[in-house]
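The figures here come from the full heavy-atom set of this structure, side chains too, leaving out hydrogens, waters and symmetry mates. The chain is numbered in sequence order, starting from 1.
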Amino acid sequence: MDAFELLAHPVRLRVIHAMSGGRELTTAELCDRIRDVSKATVYRHVDLLAAGGVLEVALERRVRGAVERRYRLRRDRAGIDTDTAGSLSLDDHRSAFAHALAALAAEFTAYLGRDAADPVADQVGYRQHAVWLGPGELLGMIDGMREAIAPHLANEPSPGRTQYLISPILFPVEAPPTGTGADDTAAGDPSPGPGS
């Protein structure tokens, strides 16, 4: 199974989410975190992620005659590289996006199913913003998002931290208008627009 096939599955994406932050978990502990998926399914997907090198065994011990494995995530293997992304067909992208949305919907449903779920107190957000950006502005915004998120990716679980799922989704919904006569492709273009 190649990296794309391995990672483009909603249950495997949820296992990766659960393992983030330097966690070391057994498959039974993962089943406790992903309760809406059958144990057999979680075990099967953990085995696939381990065989694919996305999870590695951090510790092995004998428990009541069986071998218990504690896994950890290999962050360097838990994503699709640029070359792989560039080789995907449009149908592959459509499929990967559908799997990502399914994982996101399942995670949100699981959150709402908790007794202590409080979307207002938990600062839950699911807004969508349609923005017009030139190429320089787009790159600047992406860099800014990376700068805001990347330093926190290595945060480990602690009593004062809650795990949040952040899912930046970015794609063009409309082509640039033609014949505007303005060059708004530079980053930080100060041109005022309606409502400014």
Side-chain angles (χ1 to χ4, degrees), residues 1-27 29-30 33-34 37 41-59 69-108 110 125-126 128-131 133-157 161 163-176 185 187:
M1 188 178 295
D2 66 23
F4 171 71
E5 278 185 286
L6 186 62
L7 298 175
H9 191 282
V11 174
R12 292 193 287 271
L13 288 173
R14 293 183 69 195
V15 169
I16 290 169
H17 296 161
M19 296 297 297
S20 67
R23 282 189 172 142
E24 294 182 358
L25 301 172
T26 65
T27 308
E29 289 169 331
L30 280 166
R33 294 178 187 280
I34 309 173
V37 177
T41 300
V42 173
Y43 273 83
R44 184 173 68 252
H45 290 295
V46 166
D47 286 345
L48 287 169
L49 288 168
V54 175
L55 297 180
E56 65 184 359
V57 177
L59 179 70
R69 291 179 181 89
R70 190 165 283 283
Y71 294 96
R72 71 174 150 242
L73 183 65
R74 289 193 50 196
R75 286 195 54 209
D76 62 320
R77 303 289 304 268
I80 302 294
D81 63 34
T82 305
D83 290 339
T84 302
S87 71
L88 299 177
S89 71
L90 294 181
D91 281 340
D92 290 336
H93 283 283
R94 185 176 292 109
S95 175
F97 189 75
H99 291 307
L101 287 178
L104 187 60
E107 295 279 17
F108 192 64
Y126 41 85
Q128 295 180 350
H129 304 280
V131 295
L133 302 168
E137 294 168 316
L138 174 62
L139 292 176
M141 187 181 75
I142 290 170
D143 285 345
M145 290 178 1
R146 284 182 181 141
E147 287 175 18
I149 296 169
H152 305 288
L153 292 176
N155 287 359
E156 295 185 1
R161 287 184 174 146
Q163 186 183 38
Y164 285 84
L165 184 60
I166 300 171
S167 299
I169 298 171
L170 176 72
F171 58 91
V173 293
E174 188 175 332
T185 60

**Request:** Measure the acute angle between the ring planes of His99 and His9, then classify it against the limits of 30° and 60° as parallel, tilted or perpendicular.
**Result:**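 It falls in the parallel class, under 30°.
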Would you find a donor on one side and an acceptor on the other, under 3.5 Å apart, between the side chain of [X] and the backbone of [Y]?
X      : Y      : answer
Glu29  : Thr26  : yes
Arg23  : Ala18  : yes
Asp143 : Gly140 : no
Arg77  : Gly52  : yes
Arg70  : Glu24  : yes

Could you check if a side-chain atom of [X] sits within less than 4.5 angstrom of a side-chain atom of [Y], using non-hydrogen atoms only?
X     : Y     : answer
Leu7  : Ile80 : yes
Ser89 : Asp92 : yes
Leu88 : Phe4  : yes
Arg69 : Thr27 : no

If you count every heavy atom of other residues, nucleotides or ligands that lies below 6.0 Å from [X] atom [atom1], does the total exceed 12?
X      : atom1 : value
Ile169 : CD1   : yes
Tyr126 : OH    : no
Arg146 : CZ    : no

**Closest contact, heavy atoms only, Leu13 versus Ala100** =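 Distance-wise, the nearest heavy atoms are CD1-CA, 3.8 Å.
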**Asked** If you take all heavy atoms of Pro151 and Asn155, which pair is closest and at what distance?
**Response**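 That would be O-OD1, 3.9 Å.
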**Asked** Are a donor atom and an acceptor atom from the side chains of Thr84 and Asp81 found within less than 3.5 Å of each other?
**Response**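 Looking only at side-chain atoms, Asp81 and Thr84 do form a donor-acceptor pair, the distance falling under 3.5 Å.
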**Request:** For the pair Glu56 and Arg72, find out whether any cationic side-chain nitrogen is under 4.0 Å from an anionic carboxylate oxygen.
**Result:**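 Counted as a salt bridge, because a side-chain N and a carboxylate O are separated by less than 4.0 Å.
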**Prompt:** For Val54, which of Val46, Asp76, Leu6 qualifies under side chain to side chain contact (heavy atoms under 4.5 Å, CB included)?
**Reply:**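 Result: among Val46, Asp76, Leu6, Leu6 is the only option passing the side chain to side chain contact (heavy atoms under 4.5 Å, CB included) with Val54.
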**Prompt:** When you look at Asp47 and Arg44, which way does the salt bridge (charged side-chain N to carboxylate O under 4.0 Å, His left out) test go after all the steps?
**Reply:** CA-CA 5 Å; Asp47 286 345; Arg44 184 173 68 252; over 6 Å; no
